[in-house]
Chemist: 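Here it is, the structure in full.
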Amino acid sequence: MNWLDSMIGYLSPATGARRIHARIAMDMARSYDAGRRGRRTANWRAGGGSANAEILPDLQTVRNRCRDMVRNNEYAAKALDTMVGDLVGTGIVARAADQQVWMDWCDYCDADEQLDFNGLIELLVRGRKEVGEGLVRFRPRRPEDGLAVPLQVQVLEADHLDSYKTGPLSNGNFVIAGVEFDQLGRRRAYWLYPVHPGEVASYRVRSLESKRVPAEDVIHYYRKRRASQVRGMAEMAVALMRLRDLADYEQAELVRKKIEACFVAFVRTDDSSQTLGGNVDLGDKRRKPGEEKVSPGMIKYLSGADGVEFGSPASSGGYGEYTRSQLYAVSAGTGVMYSSMTGDHSQANYSSMRSANMDYRKLIAQEQWLALVPMVLNRVAARVQAAAVLAGVQKARPQRYEWAMPKVDLVDPLKDIMATKEGLRGGLQSLSAAIRERGDDPGAVFREIADERARLKELGILSDADPAVSDKLIPPEVVAELLGAK
């Protein structure tokens, strides 16, 4: 009630009461429950800052805690491995303009000379899912390096991006957490440390001074959740506190059990010579009170004034149910199926597993096609093609690659394959699209099938997998006769 309502209520109580009643009615009709102010929301404080204002102050702390959790918590490590395995698998297959040039480049693309292209993508995705973001830097090479395509790539951790570099520059651009923008809001450069800032064996001079690297030489891979977001935040951050609390709870339960196991029996007696168990053989040393042992099957009589109570450890009660409920929340926060993260399939059946797997696959496909392909794969393919054309090893003009994601393991292979077959027969899907869904290159599959059938024909081997010879294995008249007999 404002000062005007107070004034009206003082001059005309009835009119003031009607105004208050009407205002309450309007609030009830128009407002959100979550937006009301009252006892239930008194301690609810929600900031209105931009994505960067909310992310940047805690970016480094959350990043380090995520890594620590993955190092020391089994569930976090399993969740990360599951996400990376489902996103990348054993590799992502590309259909290139010049396939052989691409395949050869994938073998020597690593600037560190350790992994192939699929290994680099797995490393990049692992860093992205662990801490929220990752970097790829293009490394052009000289002709004397002997590479057919004079280009290599280097995967860098997000720590190389100078988060403290923020503010206007002399060229009129503006930097936000190490990312430089021009006056139109386009990314123009990244400010990178030449060496990881946490490297203990750094030997380079001025290694903790960030350098400007043009944006066309850097890929910044993260999942953009808000329009103004510049840096990535790990999805695992929402589950960090729950994982830590669950680990503390398990540790407390373990300590409690150890303490209870230390107390076997409590003897009540005023006779210091009276013992419950047998004497401990101490050799020449005298036995001290309390140095007794209890053996299986032993019977010991005590006087009427004496008594004994044996320790009875308390049961864990709802330990299992509480742990399970917390792990359900952790799996929801990390985006991984509960059964995949814990290995516990006792709460699932075929229908629930299939339904959960379908929802999980949608999230995986979103990450693959809405972030990984446009941010990373397409840019790498374009840069490789440009370098190959300039080097004279690719004749075809640069064009967009077709990507085949890792093969998805089928819950019920027979039903899923039959559904795909019916979709092909009904014209709902092309054969190439079906092959790509299984993580294979259609061109390679077609060539392999053609070569195999030619080889079988040369050797005179008939197979019902070849439609051209299936009629020879089971002639149409035999099929008609069998159908007639039924």
Side-chain angles (χ1 to χ4, degrees), residues 78-96 99-100 102-103 105-107 109 115-126 128-129 221 331 334-341 343 345 348 350-378 380-381 400-426 428-453 463 465:
K78 178 60 176 178
L80 178 61
D81 290 339
T82 300
M83 289 186 290
V84 175
D86 291 333
L87 278 168
V88 181
T90 56
I92 299 175
V93 179
R95 182 181 179 185
Q99 191 70 30
Q100 193 59 47
W102 167 258
M103 294 177 63
W105 180 83
C106 288
D107 291 334
C109 64
L115 304 173
D116 62 3
F117 181 69
N118 288 324
L120 291 179
I121 293 298
E122 190 272 341
L123 183 63
L124 176 66
V125 171
R126 178 171 294 275
R128 145 80 183 97
K129 299 303 293 185
Y221 173 43
S331 66
T334 56
V336 179
M337 292 176 58
Y338 168 81
S339 57
S340 299
M341 185 181 72
H345 298 269
Y350 173 79
S351 298
S352 63
M353 285 286 292
R354 186 178 179 87
S355 176
N357 188 61
M358 292 175 61
D359 293 338
Y360 176 62
R361 284 296 165 187
K362 292 179 182 178
L363 299 178
I364 293 296
Q366 282 185 335
E367 177 75 24
Q368 290 171 337
W369 294 105
L370 302 182
L372 183 59
V373 168
M375 280 187 171
V376 181
L377 299 181
N378 284 344
V380 171
R400 186 179 297 274
Y401 284 12
E402 294 181 359
W403 303 99
M405 294 302 162
K407 178 181 178 181
V408 177
D409 294 329
L410 305 178
V411 179
D412 191 335
L414 179 59
K415 291 183 179 179
D416 291 331
I417 291 175
M418 292 302 296
T420 301
K421 182 179 178 181
E422 291 300 317
L424 293 173
R425 296 180 61 184
L428 302 178
Q429 187 181 30
S430 68
L431 181 57
S432 296
I435 293 175
R436 280 194 295 269
E437 287 182 356
R438 294 177 56 82
D440 295 319
D441 177 18
V445 173
F446 294 152
R447 287 191 297 271
E448 185 175 351
I449 292 176
D451 294 341
E452 184 181 73
R453 289 178 179 175
S463 172

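The model shown is predicted, which means the values in this text are computed figures rather than measured ones. Computation of the quantities below employed the complete heavy-atom set of this structure, encompassing side-chain atoms and omitting hydrogens, waters and symmetry-equivalent molecules.
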Chemist: Among residues at least two apart in sequence or on other chains, which ones pass salt bridge (charged side-chain N to carboxylate O under 4.0 Å, His left out) with R95?
Modeler: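 Counting only residues at least two positions away or on another chain, R95 forms a salt bridge (charged side-chain N to carboxylate O under 4.0 Å, His left out) with E402.
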Chemist: For the atom pair CG (D107) and CG (L115), what is the distance rounded to the nearest 0.5 Å?
Modeler: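 The CG atom of D107 sits 12.0 Å away from the CG atom of L115.
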Chemist: Please name all residues satisfying side chain to side chain contact (heavy atoms under 4.5 Å, CB included) with D81, sequence neighbours left out, ordered by chain then number.
Modeler: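 So D81 forms a side chain to side chain contact (heavy atoms under 4.5 Å, CB included) with R126.
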Chemist: Show the nearest heavy-atom pair for residues S331 and M337, with the distance to one decimal.
Modeler: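 For S331 and M337, the tightest heavy-atom pair comes out as CB-C, 4.3 Å.
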Chemist: For W102, what residues pass the side-chain hydrogen bond (donor to acceptor under 3.5 Å, both in side chains) criterion, not counting sequence neighbours?
Modeler: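 W102: no side-chain hydrogen bond (donor to acceptor under 3.5 Å, both in side chains) contacts found.
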Chemist: Can you confirm whether more than 12 heavy atoms, excluding those of E448, are under 6.0 Å from its CD atom?
Modeler: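 Incorrect, the count does not exceed 12.
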Chemist: Can you list everything that forms a salt bridge (charged side-chain N to carboxylate O under 4.0 Å, His left out) with D116? Sequence neighbours excluded, please.
Modeler: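 Here no residue qualifies.
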Chemist: State which residues pass side chain to side chain contact (heavy atoms under 4.5 Å, CB included) with T82; sequence neighbours excluded, sorted by chain then number.
Modeler: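 T82: side chain to side chain contact (heavy atoms under 4.5 Å, CB included) contacts with K78, D86, V336, S340, Y360.
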Chemist: Counting N and O atoms only, with roles assigned by atom type, does the side chain of Q99 sit under 3.5 Å from a partner on the main chain of A94, one being a donor and the other an acceptor?
Modeler: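 Here the side-chain-to-backbone pair exists.
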Chemist: Give the minimum heavy-atom separation between P442 and S432, together with the two atoms involved.
Modeler: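 Heavy atoms only, the tightest pair is CG-O, 3.5 Å.
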Chemist: Do other residues, nucleotides or ligands put more than 12 heavy atoms under 6.0 Å from R361 CZ?
Modeler: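 Atom CZ in R361 is packed in, count exceeds 12.
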Chemist: For a 4.5 angstrom cut-off between non-hydrogen side-chain atoms, does V376 reach L124?
Modeler: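 A side-chain contact under 4.5 Å exists here.
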Chemist: Could you report the tightest heavy-atom contact between I92 and A404, atom names first, then the distance?
Modeler: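 Looks like CG2-O, 3.5 Å.
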Chemist: Can you name the closest pair of heavy atoms from G91 and P406 and give their distance?
Modeler: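 In terms of heavy atoms, the two residues are closest at O-CG, 3.9 Å.
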Chemist: Does Q368 use its side chain to pair, donor to acceptor, with the backbone of L87 at less than 3.5 Å?
Modeler: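 Here the side-chain-to-backbone pair exists.
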Chemist: Any non-hydrogen side-chain atom of F117 less than 4.5 Å from a side-chain atom of L377?
Modeler: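 The answer is yes; the side chains approach within 4.5 Å.
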Chemist: Check side-chain hydrogen bond (donor to acceptor under 3.5 Å, both in side chains) between N118 and all other residues, then give those that pass, not counting sequence neighbours.
Modeler: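 N118 satisfies side-chain hydrogen bond (donor to acceptor under 3.5 Å, both in side chains) with no other residue.
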Chemist: Can you list everything that forms a side-chain hydrogen bond (donor to acceptor under 3.5 Å, both in side chains) with E367? Sequence neighbours excluded, please.
Modeler: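 In terms of side-chain hydrogen bond (donor to acceptor under 3.5 Å, both in side chains), with neighbours along the sequence ignored, E367 is linked to R128, Y221, R223.
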Chemist: Any side-chain heavy atom of I121 sitting closer than 4.5 Å to one from V380?
Modeler: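 Counting from C-beta outward, I121 and V380 never come under 4.5 Å.
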Chemist: Applying side chain to side chain contact (heavy atoms under 4.5 Å, CB included), name anything that partners T90, two or more places apart in sequence or on another chain.
Modeler: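 Result, side chain to side chain contact (heavy atoms under 4.5 Å, CB included) vs T90: none returned.
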Chemist: For A433, enumerate each residue passing the side chain to side chain contact (heavy atoms under 4.5 Å, CB included) test, keeping only those at least two apart in sequence or located in another chain.
Modeler: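 By the side chain to side chain contact (heavy atoms under 4.5 Å, CB included) rule, A433 matches Q429, S430, R436.
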